[in-house]
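From a predicted model like this one, the values you see are computed outputs, not experimental measurements. Note on naming: letters A, B, ... go to the chains in the order of the sequence lines (proteins, then strands), and numbering restarts at 1 for each one.
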Amino acid sequence: MARTFATPLRRAKGAGSSHEGVGHFRSQRLTAIASIVMAILALLVAIFVGGRDYAEARQLLAHPIIAGTMALAVGVFVWHMIIGMQVIIEDYVHNPVIKLSLLIANLLFGLLVFALAAVSIAVIAVGHVPSGA
Amino acid sequence: MANPDLRERRPLSPHLQIYRPRLTMVMSIMHRITGAALYFATLLAIWWLVALASGPAYFSFVDGLLGSWVGLAVLVAALYALFHHMLGGIRHLIWDNAQALSIASANRMNLLSLALSAALTVLVIIAAIAAN
């Protein structure tokens with residue numbers, strides 16, 4: 001067993017009133033570092049894609065490397081967004097019912113946005129280009 | 001607890017209405033504000049992706065909206081917010097490692113990140129114009 005310095009009382013009470021340890025802190029920093037890299041890559045793509053017409057933009061983003069990069073970027077950003085917005089809600093909303101509702105809404109909305117983006121990128125990468133309207 | 005009237009008149013510890021704004025506290029709240037702004041800016045970018053997947057008609061509507069003067073102004077503001085938040089995040093990662101925590105070095109890093117955010121924003125705008 002790993003060496004631990006926790007006293008028996010500390011172990012019995014767990015992580016205290018926070019009910020959790022440093023997991024949140026760690027994923028905040030992990031997604032922050034990943035976001036730096038992915039934001040730079042996403043910016044490069046945006047610079048090249050910006051101002052193009054529909055067919056050109058579709059074709060550029062359909063490349064597997066670009067589509068894969070954008071999918072990873074969206075995943076990292078949305079994860080970081082959910083964590084960040086959660087901290088803001090926890091800091092400023094004190095009514096327990098409203099707070100819990102907003103935390104659930106934040107998580108579900110983030111997952112919905114990720115699903116929309118992931119499906120869109122998949123459609124762009126493999127789908128047929130719709131003709132006409 | 002029994003007297004709600006007394007509870008409401010309890011003195012509060014000094015806060016924003018007492019302290020003069022300092023660079024460190026302004027940059028602290030700016031990090032949060034730019035983060036919240038980027039939440040909505042990312043939604044705009046994902047909206048553009050959804051439009052691109054949806055078809056030419058919807059794409060030209062969304063792309064036209066983002067390419068309008070108002071849209072471009074929002075995008076430039078989002079670009080600045082991105083660099084402000086990114087460099088602020090790097091600052092926080094440095095502080096997380098118990099480095100550069102003195103007031104003087106905190107202020108130096110704050111000023112450096114402000115200047116770099118503005119410079120990188122201009123650089124990306126120039127690159128975007130050149131790429132077109």
Subject >> Donor-acceptor contact present, side-chain Y54(A) to main-chain L52(B), <3.5 Å >> reply: yes
Original post:
Hey, which of A57(A), A122(A), G84(A) has the most heavy atom pairs under 4.5 Å with chain B?
Top reply: A57(A)
Subject >> Atom group of L93(B) that falls short of 4.5 Å from chain A, counting heavy atoms >> reply: side chain
**OP:** Can you tell which part of H85(B) gets under 4.5 Å to a heavy atom of chain A, answering side chain, backbone, both or neither?
**Re:** side chain
**OP:** Verify the neighbour count for atom CD1 of I18(B): are there more than 12 heavy atoms of other residues, nucleotides or ligands below 6.0 Å?
**Re:** yes
Subject >> Student check: side-chain heavy atoms of V49(A) and E56(A) closer than 4.5 Å >> reply: no
Original post:
Top residue by heavy-atom pair count (under 4.5 Å) with chain A, among L43(B), L38(B), D63(B)?
Top reply: L43(B)
Original post:
Quick one: what part of L43(A) sits under 4.5 Å from any heavy atom of chain B, side chain, backbone, both or neither?
Top reply: side chain
Subject >> Side chain, backbone, both or neither of A117(A) within contact of chain B (heavy atoms, under 4.5 Å) >> reply: both
Original post:
Where on L79(B) is there a heavy atom nearer than 4.5 Å to chain A: the side chain, the backbone, both, or neither?
Top reply: side chain
Original post:
Heavy-atom distance under 4.5 Å to chain B: side chain of L44(A), backbone, both or neither?
Top reply: neither
Original post:
What distance do T24(B) atom OG1 and I29(B) atom CD1 have between them, rounded to the nearest 0.5 Å?
Top reply: 12.5 Å
Original post:
Measuring heavy-atom distances to chain B, does F114(A) have an atom under 4.5 Å in its side chain, in its backbone, in both, or in neither?
Top reply: neither
Subject >> Neighbourhood of chain B inside residues 72-83 of chain A, taking heavy atoms under 4.5 Å as contact >> reply: V74(A), F77(A), V78(A), H80(A), M81(A)
Subject >> Inter- and intrachain pairs under ring pair (Phe, Tyr, Trp, His ring centres under 6.0 Å), touching residues 87-107 of chain A, at least two apart >> reply: none
Original post:
Checking heavy atoms, do the side chain of W48(B), its backbone, both or neither come under 4.5 Å from chain A?
Top reply: side chain
Subject >> side chain to side chain contact (heavy atoms under 4.5 Å, CB included) between M85(A) and F109(A), intermediate numbers included >> reply: CA-CA 11 Å; M85(A) 192 54 80; F109(A) 181 70; over 6 Å; no
**OP:** Applying side chain to side chain contact (heavy atoms under 4.5 Å, CB included), run through H24(A) and V87(A) and close with a yes or a no.
**Re:** CA-CA 10 Å; H24(A) 184 113; V87(A) 174; 3.4 Å; yes
**OP:** Go through the steps to decide whether S35(A) and M86(B) satisfy the test side chain to side chain contact (heavy atoms under 4.5 Å, CB included), and finish with yes or no.
**Re:** CA-CA 8 Å; S35(A) 290; M86(B) 187 192 286; over 6 Å; no
Subject >> Approximate separation, where rounding is to 0.5 Å, of L107(A) CG and I89(A) CD1 >> reply: 10.0 Å
Subject >> Residues, nucleotides or ligands: over 12 heavy atoms within 6.0 Å of L101(B) CG >> reply: yes
**OP:** Evaluate the salt bridge (Lys or Arg N to Asp or Glu O under 4.0 Å) criterion for residues D91(A) and R32(B): first the C-alpha distance (whole Å), next the side-chain angles of each, then the deciding distance (0.1 Å), finally the verdict.
**Re:** CA-CA 11 Å; D91(A) 276 1; R32(B) 178 161 284 193; 2.8 Å; yes
